[in-house]
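For reference, the structure discussed in these notes is given below.
The basis for the numbers below is simple: all heavy atoms, side chains too, and nothing from hydrogens, waters or symmetry mates.
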Amino acid sequence: MFIQTQSTPNPSSLMFYPGKQVMEVGSADFPNARSAMNSPLAKALYGIDGITRVFFGSDFITVTKSDDFSWDILKPEIFAAIMDFYTSGKPLFLDSNAAASMDTAIHEDDSETVAMIKELLETRIRPAVQDDGGDIEYRGFDPDTGIVKLRMQGACSGCPSSSVTLKSGIENMLMHYVPEVKSVEQELDDEDEAATLPG
């Protein structure tokens with residue numbers, strides 16, 4: 001098994017390509033070790049000292065490290081964890097229901113506007129964000145204010161350029177195709193907020 005790596009716009013995150021499909025549909029974000037309990041691979045990666053976030057895309061795994069650790073030391077351990085997982089034959093998730101990304105599934109009670117937003121996110125925006133080793137999650141649309149709420153995941157979470165990406169790229173595209181959209185805002189998780197507060 002030959003695993004390739006690729007850098008991301010976030011110097012603390014690296015993409016690992018195991019040379020096989022990782023996620024059949026959607027993506028999975030593990031912002032902390034507790035969230036990784038459902039996935040043997042994510043759990044193994046969190047077992048390595050210095051790992052702060054794990055993210056699965058279609059054919060890659062993005063690993064984020066704390067600044068105190070060097071990639072030179074972490075890479076061999078990450079390679080070993082990924083190889084062990086793929087030779088073990090274990091499932092990616094212990095509970096298959098948690099796997100699919102359901103945030104952009106269009107529901108019968110969605111308005112035409114929400115359906116268009118979800119479709120654009122799924123077909124145009126998500127592939128571009130995944131190229132950078134991350135993903136976005138749709139968190140809601142307020143028809144009164146015209147604000148779309150999204151959450152950045154993987155390498156895009158906590159990346160200095162993610163707010164620029166969110167504002168310029170995603171907001172412009174949504175406003176262009178969906179006139180009801182007036183603005184896009186990033187919704188932070190508790191963990192993300194804690195990480196961005198001056199400590």
Side-chain angles (χ1 to χ4, degrees), residues 5-18 20-48 50-67 74 78 81-82 85 90-105 117-118 120-140 148-166 169-170 184-197:
T5 59
Q6 187 185 320
S7 59
T8 74
N10 181 352
S12 301
S13 297
L14 262 186
M15 293 165 79
F16 292 81
Y17 286 89
K20 29 178 97 208
Q21 188 177 42
V22 180
M23 292 282 291
E24 280 181 39
V25 285
S27 60
D29 192 30
F30 304 96
N32 53 45
R34 193 181 66 241
S35 62
M37 290 303 149
N38 192 31
S39 167
L41 176 55
K43 197 172 163 188
L45 291 167
Y46 266 110
I48 301 167
I51 302 302
T52 59
R53 195 176 194 120
V54 174
F55 176 83
F56 298 159
S58 55
D59 62 346
F60 64 87
I61 299 148
T62 301
V63 179
T64 306
K65 67 172 185 67
S66 73
D67 296 340
L74 292 175
I78 294 167
I82 293 172
F85 168 75
K90 286 180 188 161
L92 190 62
F93 293 95
L94 302 174
D95 171 12
S96 58
N97 299 340
S101 111
M102 295 312 294
D103 61 303
T104 49
I117 293 167
K118 287 180 172 181
L120 278 168
L121 289 171
E122 185 61 45
T123 56
R124 298 284 189 97
I125 296 167
R126 181 164 270 156
V129 179
Q130 286 183 341
D131 282 347
D132 285 339
D135 203 350
I136 44 159
E137 186 182 352
Y138 172 77
R139 295 305 278 269
V148 175
K149 287 211 177 290
L150 300 174
R151 191 164 71 87
M152 305 302 269
Q153 298 179 315
C156 300
S157 168
C159 170
S161 60
S162 71
S163 56
V164 179
T165 305
L166 190 73
I170 298 174
V184 173
E185 285 182 9
Q186 172 153 245
E187 191 168 277
L188 295 171
D189 276 4
D190 301 341
E191 284 94 9
D192 295 339
E193 278 175 10
T196 52
L197 290 173

Heavy-atom side-chain proximity of Ile78 to Ile61 below 4.5 angstrom: no
Looking at side-chain heavy atoms only, is the closest gap between Met23 and Leu92 below 4.5 Å? yes
Between CD of Gln186 and CD1 of Ile136, what distance do you get to the nearest 0.5 Å? 11.0 Å
Taking the side chain as every heavy atom from C-beta outward, state whether Thr8 and Asp132 have any atom pair closer than 4.5 Å. no
Note: Ala81 and Ile48 closest approach over all heavy atoms is CB-CD1, 4.2 Å
How close do Ala28 and Phe93 get, counting heavy atoms only, and between which atoms? CB-CZ, 3.6 Å
Where is the tightest heavy-atom contact between Lys90 and Pro40, given as atom of each residue plus distance? CD-CB, 3.9 Å
So for atom CD, which belongs to Glu24, do other residues, nucleotides or ligands contribute more than 12 heavy atoms lying within a distance under 6.0 Å? no
Could you tell me if the side chain of Ser27 sits less than 4.5 Å from the side chain of Gln153, heavy atoms only? yes
Side-chain heavy-atom pair Arg126, Asp135 within 4.5 angstrom cut-off: yes
Using a strict threshold of under 4.0 Å (side-chain N to carboxylate O), is an ion pair present between Glu187 and Arg151? no
For the pair Leu150 and Leu121, evaluate side chain to side chain contact (heavy atoms under 4.5 Å, CB included) and give the outcome as yes or no after the intermediate values. CA-CA 10 Å; Leu150 300 174; Leu121 289 171; 3.7 Å; yes
Minimum heavy-atom separation for Tyr138 and Lys118, please, with both atom names. CE2-CE, 3.6 Å
Indicate yes or no for a side-chain donor-acceptor contact from Asn32 to the backbone of Arg34 under 3.5 Å, with no hydrogens or angles considered. yes
I'd like to know whether Glu185 forms a side chain to side chain contact (heavy atoms under 4.5 Å, CB included) with Val148, so could you lay out the CA-CA distance, the side-chain angles of the two residues, the decisive distance to 0.1 Å, and finally the verdict. CA-CA 6 Å; Glu185 285 182 9; Val148 175; over 6 Å; no
Return yes when atom NZ of Lys149 has more than 12 non-hydrogen atoms of other residues, nucleotides or ligands closer than 6.0 Å, and no otherwise. yes
Side chains of Ser13 and Val63, heavy atoms from C-beta outward: is any pair under 4.5 Å? no
For the residue pair Gln6 and Tyr17, establish whether any side-chain heavy-atom pair is separated by less than 4.5 Å. yes
Please give me the minimum heavy-atom distance between Pro11 and Pro9, naming the atom from each residue. CD-O, 3.5 Å
Can you find a pair of side-chain heavy atoms, one from Phe30 and one from Tyr46, that are under 4.5 Å apart? yes
Which distance, rounded to the nearest 0.5 Å, do you find between the CG of Leu45 and the CD1 of Ile82? 5.5 Å
Testing the basics here: between Phe56 and Ala42, what is the closest heavy-atom pair and its distance to 0.1 Å? CZ-N, 3.8 Å
Quick one: do Asp67 and Ser12 satisfy side chain to side chain contact (heavy atoms under 4.5 Å, CB included)? Show the steps, please. CA-CA 7 Å; Asp67 296 340; Ser12 301; 3.2 Å; yes
Check this for me: does any side-chain nitrogen of one of Lys20 and Asp59 sit under 4.0 Å from a carboxylate oxygen of the other? no
In a check of side-chain hydrogen bond (donor to acceptor under 3.5 Å, both in side chains) between Arg53 and each of Asn10, Asp29, Thr64, which one passes? Asp29
